[in-house]
Amino acid sequence: DWSSDVCSSDLVRAEAATAPTVAFAGRTWTVKTSSGAVGPGPNVFLASNVSVDGSGNLKLAINKVNRRWTTAEVILNESLGYGTYSWTLGSDVSNLDAQAVLGLFTWNDAPDYNHREVDFEASRWGNRSDPTNAQWVVQPYDATGNLRRFTIGSTVPTVVRFTWTSTSVRFQTLIAGTVVQDWTYSGPSVPRAGGENARMNLWLYQGKAPRNGLPLSVTLTNFTFTAA
């Protein structure tokens, strides 16, 4: 089964007033933190795994801290609704550790419309022999036709984006401005916009340690949104 970016109800809410924030791509993002293991994964999320460098690039990391593996997530401090959500990858994500998951997605804590979750996810979900390494999803992921596995290449920068309307979600991968992968979902699970936030995370599937036992990170160089 392919996992979703489910954010469990017992997490220490990143939206709390005291939560740290970072500035990235001209917007403010709240950094998710937890003292214990929470969804997705479950994993421990630490602010120290999120940083922005002098060029304005966002780095999400997985590190071992005090004998436990810790992960990263940021949450946009505004709700954008229908439109085109676009991320630029500054790192090669084609060969992430098999336990690692990079998620670029929308999410609403309220359960309506499957949390209004639309995903790009780079992961092999623990299966190192999987010839594919990424997927597009309109939740629920296990409904027929809601998930498309594909192979993302090693070229950087690469843009991944989806255009969400009231009737469809169109997913695309672009290299040097050229669309190289394209899939449109127009089934019954297209969520209605309302209160969702764009999010980015890097976490461990089933909370299990990286297969190679090494820390890892992913860099994103930009996020843009164009209203529908």
Going by side chain to side chain contact (heavy atoms under 4.5 Å, CB included), Glu121 matches just one of Asn133, Val137, Leu104. Which one?
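Answer after filtering Asn133, Val137, Leu104: Val137.
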Quick one: are [X] and [Y] in side-chain contact, heavy atoms under 4.5 Å?
{"X": "Pro40", "Y": "Glu73", "result": "yes"}
{"X": "Arg161", "Y": "Leu174", "result": "yes"}
{"X": "Leu202", "Y": "Thr71", "result": "no"}
{"X": "Pro210", "Y": "Leu204", "result": "yes"}
{"X": "Val160", "Y": "Gln181", "result": "no"}
{"X": "Val22", "Y": "Val31", "result": "yes"}
{"X": "Asp119", "Y": "Gln139", "result": "yes"}
{"X": "Asn95", "Y": "Ser154", "result": "no"}

Looking at every heavy atom in both [X] and [Y], which two are closest together, and how far apart are they?
{"X": "Pro140", "Y": "Asn146", "result": "O-ND2, 3.1 Å"}
{"X": "Ala100", "Y": "Leu96", "result": "CB-CB, 4.4 Å"}
{"X": "Trp183", "Y": "Arg148", "result": "NE1-NH2, 2.9 Å"}
{"X": "Val118", "Y": "Pro191", "result": "CG2-CG, 4.0 Å"}
{"X": "Ser168", "Y": "Ser186", "result": "CB-CB, 4.1 Å"}
{"X": "Ala193", "Y": "Gly81", "result": "CB-CA, 4.0 Å"}

Between Asp112 and Arg192, does at least one N-O distance fall below 4.0 Å, as a salt bridge requires?
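So Asp112 does not pair with Arg192 through a salt bridge.
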Using modelled atom types and a 3.5 Å cut-off, is there a donor and acceptor pairing between side-chain atoms of [X] and backbone atoms of [Y]?
{"X": "Asn108", "Y": "Gly194", "value": "yes"}
{"X": "His115", "Y": "Trp107", "value": "no"}
{"X": "Ser94", "Y": "Thr151", "value": "no"}
{"X": "Asn201", "Y": "Trp203", "value": "no"}
{"X": "Asn114", "Y": "Arg116", "value": "no"}
{"X": "Asn197", "Y": "Glu78", "value": "yes"}
{"X": "Thr132", "Y": "Ala134", "value": "no"}
{"X": "Arg199", "Y": "Ile75", "value": "no"}

Pairs flagged by ring-ring contact (aromatic ring centres under 6.0 Å, His included) wherever residues 208-228 is involved - sequence neighbours left out
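Sorted pair list: Trp29-Phe223, Tyr85-Phe225, Trp87-Phe223.
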Can you list every ring-ring contact (aromatic ring centres under 6.0 Å, His included) pair that touches residues 35-63, not counting sequence neighbours?
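Every candidate ring-ring contact (aromatic ring centres under 6.0 Å, His included) pair involving residues 35-63 fails, so no pair, neighbours aside, qualifies.
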Can you list every side chain to side chain donor-acceptor pair (under 3.5 Å) pair that touches residues 49-58, not counting sequence neighbours?
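Applying side chain to side chain donor-acceptor pair (under 3.5 Å) to every pair that reaches into residues 49-58, excluding sequence neighbours, yields Asn49-Asn63, Asn49-Thr70, Asp53-Asn57.
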Working for side chain to side chain contact (heavy atoms under 4.5 Å, CB included), residues Asn43 and Val38:
CA-CA 5 Å; Asn43 286 278; Val38 299; over 6 Å; no
Go through Asn77 and Thr21 one step at a time and tell me if the side chain to side chain contact (heavy atoms under 4.5 Å, CB included) criterion holds.
CA-CA 9 Å; Asn77 281 15; Thr21 62; 4.2 Å; yes
Measure up the Trp136 and Phe171 rings against each other and bin them: parallel (under 30°), tilted (30 to 60°), perpendicular (over 60°).
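Geometry flag for Phe171 against Trp136: parallel rings.
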Let me know which of Tyr113, Tyr82, Tyr185 forms a ring-ring contact (aromatic ring centres under 6.0 Å, His included) with Trp164.
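For Trp164, the ring-ring contact (aromatic ring centres under 6.0 Å, His included) check succeeds only for Tyr82.
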same_hphob_cluster([X], [Y]) at 4.5 Å side-chain heavy-atom cutoff:
{"X": "Leu60", "Y": "Val159", "answer": "no"}
{"X": "Phe162", "Y": "Val93", "answer": "yes"}
{"X": "Val180", "Y": "Leu89", "answer": "no"}

Run the side chain to side chain contact (heavy atoms under 4.5 Å, CB included) test on Asp130 and Arg149 for me, step by step, so that the C-alpha distance in whole Å, both residues' side-chain angles and the decisive distance to 0.1 Å come before the verdict.
CA-CA 10 Å; Asp130 189 341; Arg149 291 288 292 173; 3.0 Å; yes
Side-chain donor/acceptor pairs under 3.5 Å, residues 211-220, sequence neighbours excluded:
{"residue": "Arg211", "atom": "NE", "partner": "Gln99", "partner atom": "OE1", "Å": "3.1"}
{"residue": "Arg211", "atom": "NH2", "partner": "Gln99", "partner atom": "OE1", "Å": "3.4"}
{"residue": "Arg211", "atom": "NH2", "partner": "Gly126", "partner atom": "O", "Å": "2.5"}
{"residue": "Asn212", "atom": "OD1", "partner": "Leu214", "partner atom": "N", "Å": "2.9"}

For Asp182, check side chain to side chain contact (heavy atoms under 4.5 Å, CB included) against everything at least two apart and list the hits.
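Only Arg170, Gln172, Val179, Thr184 meet the side chain to side chain contact (heavy atoms under 4.5 Å, CB included) criterion with Asp182.
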Is a side-chain donor-acceptor pair under 3.5 Å present for Thr106 with Glu196?
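No - no donor-acceptor pair under 3.5 Å links their side chains.
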Connected-component partners of Leu46 among ILVMFWY, side-chain separation under 4.5 Å
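Val44, Val65, which link up through side-chain heavy atoms under 4.5 Å apart, make up the rest of the cluster.
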